[in-house]
Amino acid sequence: MEAILSASSRTGRGKNAARRLRRSGQLPAVVYGGEHSGVPVSVDPKALLEIFHSESGVNTLIGLTVDNGSSNQVLVKEFQLHPVTNELLHVDFYELALDKAITIMVSVVLKGESVGVRQQGGIVDFVHREVQVECMPTEIPENIEVDISELVIGQGVRLREVSTGVSWTSVSDPDTLLVHVIAPKVEEEPEPEEVEVPEGVAEGDESEAAAKTEEGDGSSES
């Protein structure tokens, strides 16, 4: 997926300048890569959040236009959030060369309901939710879909099984286990506590000995 985002050049640097920019409703950003690496700009945080909430999320290829000039193709390299409010504080973009492959993390998405869960009472163990792949910038997958509907207990899906006929190449180990169905854990019943038998009392006479002890305790009180 590709999106368009407008940016404006900025001259102020540092925390104070960034705070003033955020108070004015803009988000401080820096563009890396390309001919002029480390270019400070500002963008509309609401427009960027819309891109984050799209199907491709932070892996969206963005056409970034600075000061209404030419559009450069960028990806979000890194972003910072406020630890309490989750407000966007800063974002770094990386300018791409469209004819060169890139390495990127892509989310794994599960599809369907496992037979092992529906009929056997198993549990889906989602082992790896992201994997690293290599692809061209214009062919970034929104996600890697894994169909688990036919999996029974003891079966799983590895990365190599979903790496054929796609526009990307796995960088993560092809034998990486993405998901499998496991049997539910059976809780062991606690072992009964051992009853301490007084000396001289045969096995099976514990209750009788206990009763006599209680009677003796009652008579002493009267």
Would you list the pairs meeting salt bridge (charged side-chain N to carboxylate O under 4.0 Å, His left out) in which at least one residue belongs to residues 149-172, sequence neighbours left out?
-> Arg160-Asp175
For Lys100 and Pro137, work out which heavy atoms get closest and say how close.
-> O-CD, 3.1 Å
Please name all residues satisfying side chain to side chain contact (heavy atoms under 4.5 Å, CB included) with Ala47, sequence neighbours left out, ordered by chain then number.
-> Leu5, Asp44
With a 4.5 Å limit on heavy-atom distance, are the side chains of Val108 and Asn143 in contact?
-> no
What do the steps show when you test Ile62 against Leu75 for side chain to side chain contact (heavy atoms under 4.5 Å, CB included), and what is the final call?
-> CA-CA 6 Å; Ile62 300 172; Leu75 278 178; over 6 Å; no
Where is the tightest heavy-atom contact between Ser54 and Thr60, given as atom of each residue plus distance?
-> OG-OG1, 3.4 Å
Shared ILVMFWY cluster between Phe79 and Leu27, side chains joined below 4.5 angstrom?
-> yes
Locate the shortest heavy-atom distance separating Cys135 from Pro141; write the atom from each residue and the value.
-> SG-CD, 4.1 Å
For residues 58-78, which residue pairs qualify under salt bridge (charged side-chain N to carboxylate O under 4.0 Å, His left out), counting only residues two or more places apart or in two chains?
-> none
Quick one: list whatever passes side chain to side chain contact (heavy atoms under 4.5 Å, CB included) with Ile153, sequence neighbours left out.
-> Gln120, Val181, Ala183
Is the backbone of Leu21 close enough, under 3.5 Å, to the side chain of Arg10 for a donor and an acceptor to pair up by distance?
-> no
Taken to the nearest 0.5 Å, the spacing of Ser163 OG from Ile144 CD1 works out to 7.0 Å
For the atom pair CD (Glu87) and CG (Leu49), what is the distance rounded to the nearest 0.5 Å?
-> 9.5 Å
So do Leu88 and Leu48 actually touch side chain to side chain, heavy atoms under 4.5 Å?
-> yes
What distance separates Glu139 CD from Met136 CE, expressed to the nearest 0.5 Å?
-> 7.0 Å
When hydrophobic residues are tied together by side-chain contacts of less than 4.5 Å, even through go-betweens, does Val171 share a cluster with Trp168?
-> no
Look up atom CG in Leu96 and atom CG in Asn72, then write down how far apart they are to the nearest 0.5 Å.
-> 10.0 Å
Rounded to the nearest 0.5 Å, what separation is found between the CD atom of Glu142 and the CD atom of Glu55?
-> 4.5 Å
Stepwise side chain to side chain contact (heavy atoms under 4.5 Å, CB included) check, Asp173 with Leu159 | CA-CA 8 Å; Asp173 186 345; Leu159 180 56; over 6 Å; no
Is Val76 reachable from Val66 through a run of I, L, V, M, F, W or Y residues, each pair having side-chain heavy atoms under 4.5 Å apart?
-> yes
Arg118 side chain vs Glu113 backbone, donor-acceptor pair below 3.5 Å = yes
Determine whether Leu89 and Val43 fall in the same hydrophobic cluster, where Ile, Leu, Val, Met, Phe, Trp and Tyr are linked whenever their side-chain heavy atoms lie under 4.5 Å apart.
-> no
For Leu64 and Ala7, which heavy atoms make the closest approach, and how far apart are they?
-> CD1-CB, 3.8 Å
Neighbour count above 12 (heavy atom, 6.0 Å) for Phe52 CZ | yes
Shortest non-hydrogen contact from Pro174 toward Ser170 | CG-OG, 4.0 Å
Check step by step if side chain to side chain contact (heavy atoms under 4.5 Å, CB included) holds for Val30 and Phe93.
-> CA-CA 6 Å; Val30 177; Phe93 297 106; over 6 Å; no
When the side chains of residues 125-134 are checked against the rest of the protein, which donor-acceptor pairs come out under 3.5 Å, sequence neighbours left out?
| from | atom 1 | to | atom 2 | distance (Å) |
| --- | --- | --- | --- | --- |
| Asp125 | OD2 | His180 | NE2 | 3.0 |
| His128 | ND1 | Leu177 | O | 2.9 |

Minimum side-chain heavy-atom gap Val179-Val146 below 4.5 Å | yes
Counterpart residues, side chain to side chain donor-acceptor pair (under 3.5 Å), relative to Asn68 (two or more places apart) = none
Can you name the closest pair of heavy atoms from Gly112 and Ser149 and give their distance?
-> CA-CB, 4.4 Å
Verify same cluster id: Ile104, Leu178 (apolar side-chain graph, 4.5 Å) | yes
So do Ser8 and Ser42 actually touch side chain to side chain, heavy atoms under 4.5 Å?
-> yes
Would a distance-only check, ignoring hydrogens and angles, find a side-chain to backbone donor-acceptor pair under 3.5 Å from Gln155 to Val152?
-> yes
Hey, could you give me the CD1/OG distance between Ile140 and Ser167, rounded to the nearest 0.5 Å?
-> 10.0 Å
